[in-house]
Amino acid sequence: MHQMTLAEIARGLADKKFSSEELTKVLLARISQLDPQLNSFISLTEELALEQAKAADARRASGESGALLGAPIAHKDLFCTQGIRTSCGSKMLDNFKAPYDATVVAKLAAAGAVTLGKTNMDEFAMGSANESSYYGAVKNPWNLEHVPGGSSGGSAAAVAARLLPAATGTDTGGSIRQPAALTNLTGLKPTYGRVSRWGMIAYASSLDQGGPMARTAEDCAILLQGMAGFDPNDSTSIDEPVPDYSASLTGSLQGLRIGVPKEYFSAGLDPRIADLVMASVEELKKLGAVIKEISLPNMQHAIPAYYVIAPAEASSNLSRFDGVRFGYRCENPVNLIDLYKRSRGEGFGPEVQRRIMVGAYALSAGYYDAYYLKAQKIRRLIKNDFMAAFNEVDIILGPTTPNPAWKLGAKNSDPVAAYLEDVYTITANLAGLPGLSMPAGFVDGLPVGVQLLAPYFQEGRLLNVAHQYQLNTDWHTRTPTGF
Ligand code: GLN
């Protein structure tokens, strides 16, 4: 039962082969049996899950239908869930029960999805390895000595290990696509503004975007359908109609123009990953796509620009955690300054503190122009590069990550080494574009992802290309041994 995709579950529920309650019990048992090896969940919500499953079964019995009605999912632990701990992977919020549901959580619940729990993540979504969580590192089910990627590493490991079919994630610089690539999943970061950020604890507000993580593009289409749409509570959410994503999975790739940026194949890329990327290109050619070499000349500036902008926004967003209103408060403060200093010093982990300091520095009066303003200008150049490229091609294709999953602890002493892993993913966030990672092969038994980027609001195009690829390949069906 645990091997089923969302699409298969929807068919099984519609055909009354099993109930949502039965399926939910099977998956909860599987989680309690197997998750101790992975540490992919921070909280389990068994009671809520069983309640939601029964309610979904009753809705089906009364004639309702819907692809998500009775479908088990989990939320990254930065989506606020009413009355349930929402920790953001931090000691700061270990005791925080959200007073309301994030829009994404509410929408999926209304569609009948069943929440099994809240998944582990890098603290405040800062990281690429899921090692900065207050709740401990998450292990990669493909090799328990390796990281699953981050920051949505809990969602990735849980779905890859078949603990559940799909989960939500968020992506500020790659946190959906990179862990998807490192665990053999399909993950989609939508266009900025496509999915509401209301109730999603902010890391870098101009970059953050929620999206689906699942094994197939078909399932990402189903989950995205339940997440996307205008939200009056989020002033950056965009009032554009939401297309039928599952209906977009039928397009032919005949004549589709795929651009492969020459800058992607620079020295930092593992040559074995480069080979797998080119093999995926050959596969798409067989399906009728036309390949073109393109250039994204400002790509080399993306990491420095991102690692100014994201910490700058984080330093501002995280100023609300002051020990006064909610979250962690230090013991016996002697005065207000001591309360602030120790609550923040004790409540935030080292990576979060590093980012707050970098961001506060970049925004300070003497350095604002030199760092923040400069980074924003680079951001525009990167966006312009994409706009020029999309005049010539329909999709941009390349590696999702320069390397496969590394060993736990391997990059801990050198934060910049970890930042460099984001080289292919952060440009989409800086430009606000949608991006998808799909399974494309293995290196030393570890999964490799190929990334597809499309113009604004072309999530359907990304999903269709990935779906056609998945109809003709079987990488996405491979299961990690022991799961
Ligand atoms: N690795 C990047 C960072 O640490 C991206 C994280 C994310 O997308 N949330 O900022």
Side-chain angles (χ1 to χ4, degrees), residues 75-79 88-90 119-133 137-138 147-156 167-183 185 187-190 192 195 197 200-213 302-318 348-359 362 375 379 400-403 405-406 411-412 414-437 449 451:
H75 290 294
K76 184 176 183 178
D77 205 19
L78 58 54
F79 285 98
C88 223
S90 182
T119 56
N120 204 343
M121 54 180 285
D122 276 304
E123 186 177 5
F124 282 98
M126 297 172 187
S128 315
N130 217 123
E131 292 182 288
S132 77
S133 170
V138 178
V147 302
S151 63
S152 314
S155 290
T168 58
T170 63
D171 191 311
T172 303
S175 282
I176 288 177
R177 292 161 287 157
Q178 186 255 18
L182 270 38
T183 58
L185 298 185
L188 172 67
K189 179 202 96 72
Y192 183 78
V195 169
R197 292 185 298 110
M200 221 174 87
I201 295 173
Y203 161 17
S205 311
S206 77
L207 303 162
D208 297 343
Q209 189 63 198
M213 302 176 77
I303 289 185
Y306 173 89
Y307 278 98
V308 169
I309 293 169
E313 294 186 16
S315 76
S316 167
N317 276 325
L318 271 58
F348 290 136
E351 185 59 29
V352 174
Q353 294 192 24
R354 180 172 13 249
R355 307 263 180 130
I356 291 173
M357 285 189 278
V358 168
R379 184 174 191 174
T400 307
T401 63
N403 295 296
W406 56 94
K411 293 185 199 275
N412 280 358
D414 182 2
V416 175
Y419 300 170
L420 292 174
E421 291 296 319
D422 300 336
V423 60
Y424 298 117
T425 47
I426 54 183
T427 50
N429 302 77
L430 290 169
L433 293 166
L436 175 147
S437 180
Q451 176 178 242

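We count residues from 1, following the sequence as given. Counting starts at 1 for both ligands and their atoms, following the listed order.
Applying the side-chain hydrogen bond (donor to acceptor under 3.5 Å, both in side chains) test to Thr401 and every residue at least two apart in sequence or in another chain returns nothing. Taking Ser128 as the reference, Asp422 meet the side-chain hydrogen bond (donor to acceptor under 3.5 Å, both in side chains) condition, with sequence neighbours excluded.
Between Cys88 and Asp77, the closest side-chain pair of non-hydrogen atoms is not below 4.5 Å. Residues Leu436 and Arg177 have side chains not in contact (no heavy-atom distance under 4.5 Å, counting atoms from C-beta outward).
The protein non-hydrogen atom at the shortest distance from atom 5 (C) of ligand 1 is Tyr306 OH, 3.3 Å.
The side chain of Tyr203, and not its backbone, has at least one atom closer than 4.0 Å to an atom of ligand 1 (non-hydrogen atoms only; side chain from C-beta on). Contacts of Ser175 with ligand 1, taken as heavy-atom pairs under 4.0 Å, involve both backbone and side chain.
Inclusion of Asp171 in the set of residues having an N or O under 3.5 Å from an N or O of ligand 1 is not warranted. At least one N or O atom of Arg355 sits closer than 3.5 Å to an N or O atom of ligand 1. Annotation: Thr170 places no N or O atom under 3.5 Å from an N or O atom of ligand 1; distance criterion only.
If you number the atoms of ligand 1 from 1 as listed, the ones under 4.0 Å from a heavy atom of Asp422 come out as 1 (N), 2 (C). Against a heavy-atom cut-off of under 4.0 Å, Ala125 is close to the following atoms of ligand 1: 6 (C), 7 (C), 9 (N). The atoms of ligand 1 that sit less than 4.0 Å from any heavy atom of Tyr307 are 1 (N), 2 (C), 3 (C), 4 (O), 10 (O). Counting the atoms of ligand 1 from 1 in the order shown, those under 4.0 Å from a heavy atom of Met126 are 4 (O). Under a 4.0 Å criterion applied to the non-hydrogen atoms of Gly173, ligand 1 contributes the atoms 5 (C), 7 (C), 8 (O).
For Glu421 and Lys411, the salt-bridge test passes: some basic side-chain N is under 4.0 Å from an acidic carboxylate O.
In this structure, the side chain of Ser90 does not engage the main chain of Gly349 through any donor-acceptor pair within 3.5 Å. In terms of modelled atom types and a separation under 3.5 Å, the side chain of Gln209 and the main chain of Thr172 share no donor-acceptor contact.
Centroid-to-centroid, the aromatic rings of Tyr419 and Tyr306 stay 6.0 Å apart or farther.
Not a single heavy atom of Ala310 sits closer than 4.0 Å to an atom of ligand 1.
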